[in-house]
Amino acid sequence: MGVLLELADANVFRIRSYQNGSRTLGTLTDDLWELVQTGRLVEIKGIGKGLASAIDQAMRDGAWPKDWVELHENTPPGMLEMLDIPGLGPKRIRMMHDALGVTSIEDLRTACESGQVAELKGFGAKSQTKLLDGIDLLARFRSRRRLDVGLMYGEAFQSRVATIDGVLHATLAGSARRRRETIGDLDLVVAVEEENHSAVAEAILALPGIADVKGAGSSKISLILDTEIFDDAFALPHLDANVLDAIGGAEYESMEAGGTIDAQVRLVPPHVAPFTLAYFTGSKEHNIAMRQRAIDLGLRLNEFGLIPEALAGDLKGMDAAVHSLKASSEAEIYAHLGLAYVPPELREDMGEVVAALEQRLPDLLDSTMVRGSLHNHTNLSDGEASLEVMADAAQRMGWSWLGVADHSPTLVIANGASAEDLLAQGATLRSANQEWATQGKEFRLFHGVESDILEDGRLDHPDEVLNELDYVVASVHALGRWRGRDEQTNTEELLKAIDHPATTVLGHPTGRILQGRDGYEVDLMAVL
DNA sequence: GCCGTTTTCGGCCCGACTGTTTTCAGTCG
Ligand SMILES: Nc1nc2c(ncn2[C@H]2C[C@H](O)[C@@H](COP(=O)(O)OP(=O)(O)OP(=O)(O)O)O2)c(=O)[nH]1
Ligand SMILES: [Mg+2]
Ligand SMILES: [Zn+2]
């Protein structure tokens, strides 16, 4: 609805309300049906009378409100597709629709090629060419990247920029810094003394791996990166065979190899860098909540500073920022606003600003607290590294222990290990532990298995084998079958698997494969 | 369309870049 309303030129705040409502519903952890039945939808922040009644109607009658449906039916789907064209938004899509009858990307191409678009008021030859270029850009592989892939690009780009002469520091911001599951683009804050700005900007544009420049101003550069940004040949991280299969297998791998990723760079003098980092880390919605908090205190927050409105007056941007409160770190910005420091991972406008105000933010785990992990494979099944290499890596990471849980025989695609091989692995592992004990080393391995949950909730491997192990990770892999069944059957079978006396851990319990497939129906609350 | 411990009306974040314009709209971050 938010998008449809944009194309219909509705009030921007009304549009935002639909977008916020949608975002809130998407992240809701409560049972929506229960909220509908008890009439408590309006208690959700961002859901008012209008949206609540629409949701209520949809869930009870299975149909959205009539005017919503009509708007949807009256909007050509091609107009929605046109929104994917970079640099083209709802206003101009609507103008071309009204003036030239353009209702699809193909229509648009024709209109541009015939020169009609350039004739329109507010358009010109340049925008027409840019639209054609934009249509061509749609063909490139430009989907959101998994965090691990996005970080590979991000770290490669960051380190190249950080070593440019005159760069004081370069920090990856945006969704990568917030460690979202997927990354849309890379956002980099670069601190540079004013007098070096243009030299550094030039050096960035000359880096290897820059496929295209979308825009370059005095403080902001918009780029498209390709795999040349990497020092070494681009290599994807190793994935479970069944996971790789679900996200497209070899076809996916070759698309990644020829892929590109957008990058935004903000160049700022060092004393404003903390403000720019906070801005560029986002999320957008967190920024809006923070800026609202500033307004409530008579302050203006932007990427250059936190400025008392009384001193800012008519000054804008950087000029107003000379009156900014000082901050040498993000934490100081939060402190000026009476807020506890909000770690990037929580900056999603999910109530964290209020929680920071009331000093009741959760203490997040960090990597230094991790002492070990249990769901790891070796080359006995579909892992890449041997038991020894894995143990060595865990020790170098400072872990105290590592659990090894290779796949079980049923999972042929992941080279599930036989009972015999599994027990042999146990013997190797115990002698390694024995050796470390005699050497007085603190590190230990645990022996487990990732046992496939079979039909009707039984576990792979006979009980005699499972009983030999330190622990058992029970996981569903026959996702096709589980997706085809109803919630009740799936839940009962998961519960049965958990009830098995050998089961220690329930592996990847939703069955979702990120960017691959949705999870199966399950009552996760019952399972938990 | 949503929201509110000053408010049930009148706000709703703020700025860079581009292309068109001769002062700004559209798009994006
Ligand atoms: N204040 C404000 N900040 C914004 C706005 N749009 C974007 N930002 C800031 C916060 C974002 O996290 C940051 C980078 O923008 P992106 O569009 O790249 O978003 P983000 O990196 O969060 O997600 P992504 O995975 O790239 O889609 O810029 C906005 O409308 N207002
Ligand atoms: Mg981003
Ligand atoms: Zn698994």
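By convention in this document, chain letters (A, B, ...) are assigned in the order of the sequence lines, proteins followed by strands, and residues within each chain are numbered from 1.
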### Query
Heavy-atom contacts under 4.0 Å between residues 318-334 of chain A and DNA chain B, which residues?
none

### Task
Could you measure between the two C1' atoms, the one in dT27(B) and the one in dG11(B), and give it in whole Å?
24 Å

### Message
Roughly how many Å apart are dA25(B) and dT20(B), using the C1' atom of each and rounding to a whole number?
### Response
9 Å

### Sorted by number, the residues of residues 292-305 of chain A with heavy-atom contact under 4.0 Å to DNA chain B
Gln292(A), Ile295(A), Arg300(A), Leu301(A), Asn302(A), Glu303(A), Phe304(A)

### Task
Please check if the side chain of Arg517(A) supplies one atom and the backbone of Arg512(A) the other of a donor-acceptor pair under 3.5 Å.
no

### Message
At 4.0 Å (heavy atoms only), tell me whether Arg266(A) reaches a base, stays on the sugar-phosphate, or touches nothing.
### Response
sugar-phosphate

### Message
Under 4.0 Å between a side-chain nitrogen and a carboxylate oxygen: does that hold for Lys284(A) and Asp349(A)?
### Response
no

### Message
Salt bridge check, Glu348(A) against Arg178(A): does any charged N sit closer than 4.0 Å to a carboxylate O?
### Response
yes

### Task
Using the heavy-atom set of chain A and a strict 4.0 Å cut-off, write down the first and last nucleotide of DNA chain B that makes it in, 5' to 3'.
dG1(B) to dG29(B)

### Task
Quote, to the nearest angstrom, the P distance that separates dA16(B) from dT21(B).
24 Å

### Query
Could Glu330(A) and Arg347(A) be called an ion pair, given the rule that one side-chain N must be under 4.0 Å from one carboxylate O?
yes

### Message
Could you work out, with side-chain contact (heavy atoms from CB on, under 4.5 Å) as the rule, every residue matching His169(A), not counting sequence neighbours?
### Response
Thr171(A), Ala191(A), Ala273(A)

### Task
For His323(A), check side-chain contact (heavy atoms from CB on, under 4.5 Å) against everything at least two apart and list the hits.
Ile307(A), Leu311(A), Leu315(A)

### Task
Can you tell me, in whole Å, how much space there is between the C1' of dT8(B) and that of dC3(B)?
9 Å

### Task
Scan Leu51(A) against the nucleic acid and name what it touches under 4.0 Å (heavy atoms): base, sugar-phosphate only, or nothing.
sugar-phosphate

### Query
Under 4.0 angstrom, heavy atoms only, what part of the nucleic acid is Lys284(A) near: base, sugar-phosphate, or nothing?
base

### Query
Is it true that Arg145(A) and Asp262(A) make a salt bridge, defined as a side-chain N closer than 4.0 Å to a carboxylate O?
no

### Message
Looking at Gln19(A) and Gly2(A), would you say the former's side chain and the latter's main chain have a donor-acceptor pair under 3.5 Å?
### Response
no

### Query
Around Glu251(A), counting heavy atoms of other residues, nucleotides and ligands shown, do more than 12 lie under 6.0 Å from its CD?
no

### Test of ring centre spacing under 6.0 Å for Phe304(A) and Tyr279(A)
no

### Query
Going by distance alone, is a donor N or O of one side chain under 3.5 Å from an acceptor N or O of the other, for Gln264(A) and Ser222(A)?
yes

### Task
Assign each of Gly50(A) and Ala216(A) to its nearest nucleotide of DNA chain B by heavy atoms, then name whichever residue's nucleotide is nearer the 5' end.
Gly50(A)

#### Entry: Donor + acceptor pair across side chains of Gln116(A), Ser114(A) (<3.5 Å)
yes

### Message
Can you check the distance between dC24(B) and dT5(B), where both ends of the measurement are the P atom (answer in whole Å)?
### Response
36 Å

### Message
Please give me every residue in residues 183-191 of chain A whose heavy atoms get under 4.0 Å of an atom in DNA chain B, ordered by residue number.
### Response
Asp187(A)

### Message
Roughly how many Å apart are dT23(B) and dC17(B), using the P atom of each and rounding to a whole number?
### Response
23 Å

### Summary
Note: for Val42(A) and Ser219(A) on DNA chain B, the residue whose nearest nucleotide lies more 5' is Val42(A)

### Query
So which nucleotide does dA25(B) pair with, by the Watson-Crick or G-U wobble rule with both distances under 3.5 Å?
dT18(B)

### Query
Donor-acceptor pair, Gln515(A) side chain versus Arg144(A) backbone, under 3.5 Å?
yes

### NZ/NE/NH1/NH2 to OD/OE distance under 4.0 Å, Glu303(A) and Arg266(A)
yes

### Task
Can you tell me, in whole Å, how much space there is between the C1' of dG15(B) and that of dG10(B)?
24 Å

#### Entry: Donor-acceptor contact present, side-chain Gln158(A) to main-chain Ala170(A), <3.5 Å
yes

### Query
Looking for any heavy atom pair under 4.0 Å, which part of the strands does Ser222(A) touch: base, sugar-phosphate only, or nothing?
nothing

### Message
Can you check the distance between dC14(B) and dC9(B), where both ends of the measurement are the P atom (answer in whole Å)?
### Response
25 Å

